[in-house]
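Notes follow once the structure below has been shown.
In what follows, every chain begins at residue 1, and chains take the letters A, B, ... in the order their sequences are listed. Hydrogens, waters and symmetry mates play no part in the numbers below; they use all other heavy atoms, side chains included.
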Amino acid sequence: MTNETNKTNGQTPVLTVNDLRVYYETPRGDVRAVDGINFTLNEGVILGLVGESGCGKSTAAMGILQLITPPGRIVSGEIVLDGTDVLKLTTEGLRQLRWSKLALIPQGAMNSLNPTMRISRQIEDVVREHETPQTRMNKDAMRTRILELLQWVGLPERVYNMFPHELSGGMKQRACIAMAIALNPSVIIADESTSALDVVVQRVVAQTMLKVKQQLGVSMIMIGHDMGLMAQMVDRIVVMYAGNIVEIATVNHMFKNPGHPYTQLLIDSVPSLKERKPLKITEGITHDPRNPPPGCIFQLRCPFVMDRCRAEKPLRQAIRPGQEVACHLYEAQPDGSYIDLREVSDVHDA
Amino acid sequence: MSTTPKQSKMLLEIRNATKVYTQRAFGGGTRQVVALQDFNLNIPKHPATITTIAGESGSGKSTLANLVLGFTGISRGQIIYDGLDMATATPAQNIQYRRDVQAVFQDPFGVYNPFYRIQHVFDLVIRNFKLAESKAAARDMIEESLNVVGLYGEDVLRKYPHQLSGGQRQRIMMARAYMVKPKLIVADEPVSMVDASLRAAILDVMMRLRDNGISFLYITHDLSTAYQIGDQIFILYQGTIAETGSTIDVIDKPHHPYVQLLVNSVPVPDPDIQWEGTIELPADEEMRTSQQAGCRFYPRCPHRMERCLSAAPRLYPVGKNGHVASCFLYDRYDEAVEAPQQTT
């Protein structure tokens with residue numbers, strides 16, 4: 001369906017997701033939370049995963065981490081991390097993989113710390129869990145390592161002995177980042193990790209995450225819905241709608257020439273601090289997630305819907321280098337370029 | 001107050017409002033936390049306006065909402081509604097106040113009883129405030145309220161809360177508040193839990209209700225939505241006003257160092273405009289509850305002076321239409337203003 005791998009400056013892929021499907025079982029049929037998504041994460045890249053609540057972005061991340069619990073289940077797919085198919089791993093293999101290769105900064109990281117344990121102890125747990133008798137650190141080495149991690153994320157030394165309730169939201173968030181980078185993972189998944197913070201604190205946490213990317217070369221998947229923050233932090237953006245990927249593009253394309261009508265709507269809905277504009281209101285009619293309509297997933301809300309959209313599901317195609325869109329509005333020409341049907345007159349047969 | 005209710009030009013006046021919470025400290029003893037200090041605000045009767053209270057968590061903005069809504073008692077100062085000090089109100093006046101001042105809260109998922117249909121939300125209000133004489137009148141009233149917030153048809157009334165999106169639920173809360181025909185709606189972070197693409201619909205309802213003569217006290221941490229709809233803005237920092245004035249003036253030309261930092265930190269949805277420089281939070285950021293003598297922003301301020309340690313700055317004029325900032329950098333006039341002026 002896509003030929004993503006050979007793109008983006010020839011970097012090597014660290015994570016490839018092929019046709020991942022995650023369904024939730026309900027009495028009246030399966031809810032297709034993630035319905036066949038494909039993407040590649042390259043080394044040293046921050047990939048933003050955006051979409052409205054319920055579009056499946058968090059479920060996709062949980063699927064990659066193998067943290068789906070019933071009634072949810074992974075129906076099909078392939079998740080290749082550094083050459084290993086994560087879905088074929090045993091429980092023990094998964095345990096070894098988590099934190100060491102694939103780390104998570106959870107949604108509301110501030111509430112995911114254990115309130116009864118000091119910060120130092122919680123970071124130590126992560127490291128000890130993955131030690132072998134050969135690599136076992138002694139107490140002093142461990143203390144030095146933890147202090148180094150805290151300093152790295154900009155936390156003072158005294159945090160070592162503190163409990164989570166003694167830290168502010170931004171400090172807890174950074175403690176979680178310290179934990180995530182403790183074992184030098186290849187990929188970090190950050191699920192809405194700055195959305196509950198004030199803008200100033202959010203900026204400090206965002207800076208810390210950018211430092212992780214630049215200095216440690218870690219790849220990240222950042223899930224969120226703040227398009228402003230995405231513009232500041234990420235390299236590529238994946239836009240999801242109702243369990244499907246509708247567009248993947250570099251951050252520049254995404255903000256300068258959004259391709260998919262849904263992406264255009266997302267970008268338009270960001271309130272500006274520079275000028276007062278009339279508010280753009282969009283109604284959120286969506287289909288029943290148990291029973292998606294044939295054709296395009298966005299047809300009920302799309303202002304440009306055509307007959308073809310109701311019959312045939314659009315495939316994702318690269319309309320220009322670095323931008324893939326799943327939309328019938330873009331028609332391939334014999335020379336390999338694409339035209340936007342809205343720019344050609346008399347196309348609305350709907 | 002010497003003024004009688006009928007003469008007051010102000011809908012709501014807040015005079016030197018201070019709220020001190022007493023915390024029981026670990027191992028006995030108590031600790032005083034000043035959540036809001038000497039806060040002043042005027043909301044005129046005409047025309048209706050949207051007044052924004054912005055600030056980070058812990059700045060006192062929700063405390064202010066709770067004081068206005070009467071959820072918590074005031075420590076010092078007055079809340080004067082239509083010329084009447086609410087501390088001296090009779091029970092009948094209190095009931096009228098609770099009718100005139102309605103609330104919309106942050107969480108559109110937690111305010112509904114999941115076992116009742118949406119119809120029940122409206123029925124309760126009509127019954128409690130005895131709004132309608134007959135069933136037909138009640139139906140008309142509900143329909144009018146739904147139309148104001150952009151919802152049509154009776155379908156929505158038969159639905160259960162879980163069948164609606166966050167944006168729809170929040171609009172129904174606005175419709176519920178509107179039905180009582182209030183003078184003022186206190187909206188505490190009404191859009192922060194609603195999806196970005198659906199926020200515009202709620203902001204639009206707020207503007208439409210304002211044009212229908214209902215004022216808003218809009219409490220938020222999001223400057224960009226305030227910039228789109230707000231008239232007057234108050235930016236709070238640790239319980240005190242950092243800067244206030246008309247929203248456009250304050251955000252276009254911020255003067256207080258904190259407000260400058262705040263405006264600069266809002267992520268711009270344009271990859272070509274990146275944040276300028278890096279910022280550090282001071283290590284003792286969390287030690288903020290003690291009442292200091294000087295400016296509360298001193299530990300973080302890039303322009304701090306010796307003077308800032310000894311006394312807290314008053315509000316100094318920095319622009320037109322009552323644009324004032326509490327910072328000694330602007331102490332170049334002889335007379336300092338006592339309270340923020342109205343922008344209207």
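Rounded to the nearest 0.5 Å, atoms OG (S265(B)) and CG (D198(A)) are 10.5 Å apart.
Considering only heavy atoms from C-beta on, D272(B) comes within 4.5 Å of N252(A) through its side chain. You'll find the side chain of N264(B) reaches within 4.5 Å of the side chain of R203(A), heavy atoms only. The side-chain heavy atoms of D226(A) and P267(B), taken from C-beta on, include a pair separated by under 4.5 Å.
Only the side chain of V270(A) has a heavy atom closer than 4.5 Å to any heavy atom of chain B. Contacts between K256(A) and chain B at a heavy-atom distance below 4.5 Å involve the side chain alone, from C-beta outward. Contacts of I273(B) with chain A are made by backbone atoms alone, with heavy-atom separations under 4.5 Å and no side-chain atom involved. Proximity to chain A (any heavy atom under 4.5 Å) is restricted, for I251(B), to the side chain, taken from C-beta onward.
Shown here for D252(B) and L273(A), the closest heavy-atom pair between the two residues is OD1-O, 4.4 Å. When every heavy atom of A231(A) is checked against every heavy atom of D270(B), the shortest pair comes out as CB-N, 3.6 Å. Taking each heavy atom of P271(A) and T225(B) in turn, the nearest pair found is CG-CG2, 4.1 Å. F255(A) and P269(B) make their closest contact through CD2-O, 3.3 Å (heavy atoms, listed as atom of the first residue, atom of the second, distance).
Between the side chain of R276(A) and the backbone N or O of Y227(B) there is at least one donor-acceptor pair closer than 3.5 Å. Counting only distance, with no hydrogens or angles, the side chain of Q228(B) and the backbone of E275(A) share a donor-acceptor pair below 3.5 Å. For Q232(A) (side chain) and V268(B) (main-chain N/O), a donor-acceptor pair under 3.5 Å exists by modelled atom type.
Residue-environment remark: CD (Q151(A)) stays at or below the threshold of 12 foreign heavy atoms within 6.0 Å.
Top candidate by heavy-atom pairs under 4.5 Å with chain A, chosen from G55(B), S224(B), G167(B), S192(B), is S224(B).
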